[in-house]
2 protein chains.
Amino acid sequence: MVASRRPPTIQDVARHASVSTATVSRALSSPERVSVRTRERIDQAIAATGYTLNQAAQSLRRQRAKTIVIALPNVGNPFYSTILDAVVMEAGEHGYGVLVANRQPDDPIEWLRDYFFSSRADGLVLFDATLDAPALQSQLAAHGDVPFVVVADEVVEPFLNLVTSDNYDASRRAVQHLVALGHTKIGHLSGPQIGHYRNERTAGFIDAMKANDLKLCDDWLMRGNHVASSGFAAAENFLRMTNRPSALFCANDEMALGFISRVHQAGLTCPQDVSLVGFDDISMAEFLSPPLTTMRQKRNELGRLSTEALISLIEGRRKPQPPFRATLRCELVVRGSTAPPCS
Amino acid sequence: MVASRRPPTIQDVARHASVSTATVSRALSSPERVSVRTRERIDQAIAATGYTLNQAAQSLRRQRAKTIVIALPNVGNPFYSTILDAVVMEAGEHGYGVLVANRQPDDPIEWLRDYFFSSRADGLVLFDATLDAPALQSQLAAHGDVPFVVVADEVVEPFLNLVTSDNYDASRRAVQHLVALGHTKIGHLSGPQIGHYRNERTAGFIDAMKANDLKLCDDWLMRGNHVASSGFAAAENFLRMTNRPSALFCANDEMALGFISRVHQAGLTCPQDVSLVGFDDISMAEFLSPPLTTMRQKRNELGRLSTEALISLIEGRRKPQPPFRATLRCELVVRGSTAPPCS
DNA sequence: AAAGCTGATGAAATCGATTGCATGAGACCT
DNA sequence: AGGTCTCATGCAATCGATTTCATCAGCTTT
């Protein structure tokens, strides 16, 4: 009712319960160290005053912000939003807040310094390590070893904490699905090549083709950048081909979406004229026309696991060495975009 | 290199520049109050020590966290992710961090208290006021008038700070587009009814129909809840109708997506068998099959404006009365999902 | 009954930055 | 030259919670 009064502090509670602030503090953080009788009085005083802890003061004293940063290359991407959801949830359960940092394209590292050097946050979940993770590592180490966990598709330096999907194997299984349907002419629309890392999905594709003794046609290996428009562009290419593949494995769903879009415009249909397998299983995949066959990543689990690992690292429950590593298995979801080839 | 050393404080800088901490503090927050010579010495000292401000200490002293909370009903929704992007960007430019709070469905208000009562955040951007905004208002007021801005489709209580799109008018224009194509049998798939508020999009639809002397058929007024599956379900309904509308205005793109999906499954096609107009222009709308005709909301602007307003409220540059109000005009984007009716 | 122990509690320092008040040096005025 | 004013700067209190160390009451032990 009475607006703009300053919120009650631990002092108010102490006075109200006729104890010292030290006792109140203990009652809150380690109740077993306070006698039952005083604890009750303090509980009452807290209720009576409507006290809530001042985070800033606690952070200052404890040198811990109870906050993590989640760094995304692109919040707008539907793939990441589900993950964000899981991260916020998991962090919340441990009493941590989640700050969002959207990547500054021009400044691969500086943009993160502020959060940690100013003790605004205790750790970082970094998605999509297209930035120079080792450089970041040394930057963060210089100011007191900020723990961070990377969630990425490509396997990065072995000393990093990493949560990933079994991209290589999943890609092999995606190809296997097409082969099982009878396809032999199979193309691939890959994501971008990141630094010198092995592109796991492309590698899986290539090895699966070899394992099946299928010809790898250079024209059928196209490169995109994970957004729908690059799938659209790849389809332009596809349409110009005189000898077209009968199936295509796309490195993510958005590119598949863009590809279908262009192919339909040209009067061809999927899966009659070309079968398509995507990757991710974004929430809309199920409702596309045709519904998209795709490799589902456990996005919830990616978010949850990485956050859980980060927090146990922050709180010292997990030792920094050896690094945390987790690989989640993807799951093939068969829908309408794949069918046997129309001879 | 030397890991886990404590970060330099303002004390270190002061010592290094042979001045008091007070002077360093002033050099940082109001440089004009410090002589040029000392300012230079301080700048050097800052560079030499690698000093960065400790946010927790500043927050405690200034009673201000330089952080805002963005509360979303559902981070996973692609509509919100773009907005989040804009909010993070705008906040960042003012030096504010953005905490994400994903709505707890069971607890419409409590979930936000913590952020503010613990002075973790200075203000709130609340999306989709399906929660009881007035109740929230009084909750927040009880602990010192936390400023907040609502971004919502429906017009809520006049005393709230609100950023919105011209939903009513945009809906009228959507219908007008269908009418101009020659449609007379037009249906509507609405979003959920929120409390006692007027559903702006539905109201716009109804009034446009009346203005054109078109019959409002009860069967053709369907209700969904803004997710694709509810569009899918609505299409089931549609397919069972003996007398079907030739066009449908959907209250958002996701429902349109679900609707098309089911209709295609049944062997009908859009726009030949039914024209469809969506709302929002989510990033994928352009790449659907067929590309979706839709009312584009300026999502970037919604995010930017609301954040800007919130921050000027926090910093006292804007007076709380009268409340901030902004309505953004939507824009019709004509694509392939609408066509003249097939006789 | 004296000594030792345990467990609950309080006093006060501390985290790092800000800011009201005091001080002193120099500029300016008469 | 004496007095006033301004500007740059320093001292020290302060924000609110935590934590070390000391104290003291009430037991147990011999």
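Here the structure is a predicted model, which means the values were calculated and not measured. In what follows, chains carry the letters A, B, and so on, assigned in the order in which the sequence lines appear, proteins first and then strands, with residues in each chain numbered from 1.
Distance CG (B:L60) to P (D:dT14): 14 Å, rounded to an integer number of Å. In this entry the distance linking CD1 of A:I10 with P of C:dT14 reads 19 Å, nearest Å. In this structure, B:L28 atom CG and C:dG16 atom P are separated by 16 Å, rounded to whole Å. When rounded to the nearest whole Å, the span between CZ of A:R120 and P of C:dA17 equals 14 Å. Distance, B:R41 CZ to D:dT9 C1': 11 Å, rounded to whole Å. If you take CZ of B:R62 and C1' of D:dA13, they are 17 Å apart, rounded to a whole angstrom. Separating the CZ atom of A:R37 from the P atom of D:dG26 is a distance of 13 Å, rounded to the nearest angstrom. Between B:R64 atom CZ and C:dT18 atom P the separation is 14 Å, expressed in whole Å.
Distance from the side chain of A:A22 is smallest to C:dA12 among C:dA12, D:dG10, C:dA17. The side chain of A:Y51 lies closest to D:dA17, out of C:dG16, C:dT18, D:dA17. Looking at the side chain of A:Q58, the nearest of the listed nucleotides C:dT19, C:dG10, D:dA17 is D:dA17.
Residue B:T38 has a polar side-chain atom (N or O) positioned under 4.0 Å from OP1 or OP2 of D:dT9. At the phosphate of C:dG16, OP1 or OP2 sits under 4.0 Å from a side-chain N or O atom of A:Q63. At the phosphate of C:dG16, neither OP1 nor OP2 sits under 4.0 Å from any side-chain N or O atom of B:T9. Between A:S25 and D:dT18 there is a side-chain N or O to OP1 or OP2 distance below 4.0 Å. The side chain of B:T21 contributes no N or O atom lying less than 4.0 Å from OP1 or OP2 of C:dA17.
A:V34 comes within 4.0 angstrom of sugar-phosphate atoms only, judged by non-hydrogen atoms across all strands, and of no base. Residue contacts for B:V24: at a heavy-atom cut-off of 4.0 Å it reaches no nucleic acid atom on any strand shown.
By the 4.5 Å heavy-atom criterion applied to side chains, B:L160 and B:P323 are not counted as neighbours. The side-chain heavy atoms of A:E308 and A:F324, taken from C-beta on, include no pair separated by under 4.5 Å. When side chains are defined from C-beta on, B:F148 does not count as touching B:L313, because their heavy atoms never get closer than 4.5 Å.
Under the 3.5 Å distance criterion, with hydrogens and angles disregarded, no donor-acceptor pair is assigned to the side chains of A:Y51 and A:Q11.
Screening A:Q297, A:R304, A:K298 against A:E301 for a side chain to side chain donor-acceptor pair (under 3.5 Å) leaves a single residue, A:R304.
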Report task. May I have the step-by-step check of side chain to side chain contact (heavy atoms under 4.5 Å, CB included) for B:T307 and B:M89, ending in yes or no? Result -> CA-CA 9 Å; B:T307 306; B:M89 191 72 72; over 6 Å; no

Requested in this report: Please assess B:L28 against B:I10 for the test side chain to side chain contact (heavy atoms under 4.5 Å, CB included), listing each intermediate value before the final yes or no.
Outcome: CA-CA 10 Å; B:L28 270 90; B:I10 201 171; 5.6 Å; no

Query raised in the report: How does protein reach along nucleotides 21-28 of chain C, written 5' to 3' as B (base within reach of a heavy atom under 4.0 Å), S (only sugar-phosphate), or - (no contact)?
Result: --------

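Residues B:L53 and A:S35 both approach DNA chain C. Their nearest nucleotides, taken by heavy-atom distance, put A:S35 toward the 5′ side.
Between the side chain of A:R61 and the base of C:dT14 there is at least one donor-acceptor pair of N/O atoms closer than 3.5 Å.
A side-chain donor-acceptor contact under 3.5 Å links A:D122 to the backbone of A:A65.
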